[in-house]
Amino acid sequence: MHMRGAASLVPGLLLLACNSIAPPVTTFGVLTTTGETPVMIGDVHASLDFTRPGEPVGDLVGWNLGRGTSYAPENDPLHPEWRTPVKVAAAQALAEARPGHGRAPLMRFSGLQIDGALGNDGYHFYRWVEPGHAPAAGDNMATFEYFALMQDADAAPIVTLNFGSGTAAEAAAYVTHLNGTDADDVNVAARLHWGQDQPYRQTQFELGNETYGPWNTGYSAAGDYSYANPEAKHGGDPKWFDKPSASAADYAARALEYVAAVKAVEPEARFWVPLAQASMDGWGGVEAAVQALAPLLQDPSVAGAVIHHYLIDDARTLGWTEPNDLFFALAGTEAFRPGFVRARAALDAVRPGLELVVTEYHVAGAFSRGKFERAQQAAVGLGVAGMLLFYAQLGVEAACQHAALEFDNLDGPDRDPLLEPWYNPFRKGPNETAAVMASYVATRLVGEHLLERAAPLEFSKQVEQDMSFGSGKISVPLVHAAAFVDPAGETGSLVALHRDLERTHTFTIDLPPGWTATAASQWAPPAADHNTMYFPVAVEPAQTVQEGERVQVTLPPHSLVALRFAAAAQ
């Protein structure tokens, strides 16, 4: 991908308490070499070749701003109460969770909800930036407010365009508001009015949010605000009456209208297209959907297709019925591997090089309300780590973890129906600080090891466990790992999620000649259901032993282990 700004340097390995408010501290594992007893092949064994870099590693550190999030810049003229010390601390912590390849982490704004849900209205940007707008309870974030969060988090923005209850003309006006320079244009004037003198230079857009789902306002022509409803309260979109996005072909034709309208005001615009949940059943299945979307996907401005992946929610469609099964939280991604492979193949058949991106993911989603009971447990962190490694293995080009920076009503029974307590990567700590949760700790640990390229990692010995799924079984590798290397071929890394809930295993890795392990860390909760909110678990140094070109590391049960490697000086 080529959407990042300037690279930034990141530290190596961090010692970060799960609920600590202290600054992170760089740590190194205990490295031992022995010339007496050879390191024997462990329970799990792999060969790692940093001399043959693979595909580029995607932008897998990212955040999707979910319902409940409100934020404001300093001296905000509308909602100064939205800028609290704990929210600022959270934004700064997100800025510190940077990928090892140095590109800025992603941050997606989907309008909370951009298209509208269940027939309700969506995000109309001008409503919140009109110069005469008076602040009121229930306001959504204005552009200068959500961009303040992205800027404080030092993130690369993604903006989603209202498809379900908007129009292509409104999308073009939105992009003009963000990027335009003509002060006489009403949309540019609105940006200037609120103190944003410089264009945002935004070029990455999504063409609607989950437009393939019956919950999306534009999916049906019957909703009060659906663009396809001739009786829509705001007039709808007359050219597209009775052509809702339930039809992938109609969605694609209308989306091309959006592409043309936005490109007319921002020639550098690139677009991502909604495709499916990870169950791959949107629009009649991924192959049928891609075929119907082909005219849109073939447009050179369209960069790729979007998957949303809520592990437990999407697994229900595939036959899974145990939302609190700990092993599934760590290993359930394997049930989705065939679907992701099918999606990639279908996209390649239409246009090689199309990106496959995941702009929302988490262990559980809103459909798990009242069912998923592990919001405060280590399983959430281990689960999102497993999803990130899964995306790295499959070459996913971008990923944004669903997140809500809500600190007062996150657990309340009257909270927003799309706001869940496991979404926030932080909780309020002492003195209005942001105390990190398991999802943040695990994401940060994986993220800092994401170097520029994938490194070939070949297992010759593995431990596996059967997982019943639907009417069959899946054989799951218990050591779930991915490796990476820098462009110069001087530094490498490996991250492994140990999915075994009961046993310790030894993992041995054969390295190329001249390479050595230089650091190792682990996040090893005492149990997968350990409450990390009240009893935080720190990332600690891990012990490794190296004999010649073979490295051995011990994997505690339900743990996340990361290693650094260096090539011999030339």
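We're numbering straight along the sequence, starting at 1.
A donor-acceptor pair shorter than 3.5 Å cannot be found between the side chains of His309 and Asp314. Checked by atom type, the side-chain pair His124/Tyr174 shows no donor-acceptor distance below 3.5 Å. For the residue pair Ser368 and Asp313, a side-chain donor N or O sits within less than 3.5 Å of a side-chain acceptor on the partner. Between the side chains of Lys87 and Ser70, at least one donor-acceptor pair of N or O atoms lies under 3.5 Å. Between Asn179 and Thr176, the side chains place no donor N or O within less than 3.5 Å of an acceptor N or O (distance only, hydrogens not considered).
Annotation: Phe390 is not in aromatic contact with Phe336 [ring centroid separation under 6.0 Å not met]. Aromatic pair Tyr310/Tyr361: ring centres not closer than 6.0 Å. In this structure, the ring of Phe426 has its center no less than 6.0 angstrom from the ring center of Phe407. Taking the six-membered ring for Trp, Phe144 and Trp194 have ring centres closer than 6.0 Å.
Taking the six-membered ring where tryptophan is involved, the planes of His177 and Phe125 are tilted, since the angle between them lies from 30° to 60°.
When the shell of 6.0 Å around CD of Gln291 is examined, it contains 12 or fewer heavy atoms from other residues, nucleotides or ligands. Heavy-atom contacts from other residues, nucleotides or ligands closer than 6.0 Å to NZ of Lys243 number 12 or fewer.
Tested against Arg108 for a side chain to side chain donor-acceptor pair (under 3.5 Å), the candidates His402, Gln401, Glu360 yield a single pass: Glu360.
Residues Arg127 and Asp121 are paired through a salt bridge, judged by an N-O separation under 4.0 Å between the basic side chain and the carboxylate.
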- [ ] Begin from the C-alpha positions of Tyr212 and Tyr219 and carry the test ring pair (Phe, Tyr, Trp, His ring centres under 6.0 Å) through to its verdict.
- [x] CA-CA 7 Å; Tyr212 46 78; Tyr219 187 85; 8.7 Å; no
TODO: Please assess His308 against Glu210 for the test side-chain hydrogen bond (donor to acceptor under 3.5 Å, both in side chains), listing each intermediate value before the final yes or no.
DONE: CA-CA 8 Å; His308 285 178; Glu210 298 181 355; 2.7 Å; yes
Task: salt bridge (charged side-chain N to carboxylate O under 4.0 Å, His left out) between Arg337 and Glu334, intermediate numbers included - done: CA-CA 5 Å; Arg337 192 177 294 272; Glu334 298 303 329; 2.9 Å; yes
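A cation-pi geometry, defined here as NZ or CZ lying under 6.0 Å from the six-membered ring centre and within 45° of its normal, holds between Arg254 and Tyr227.
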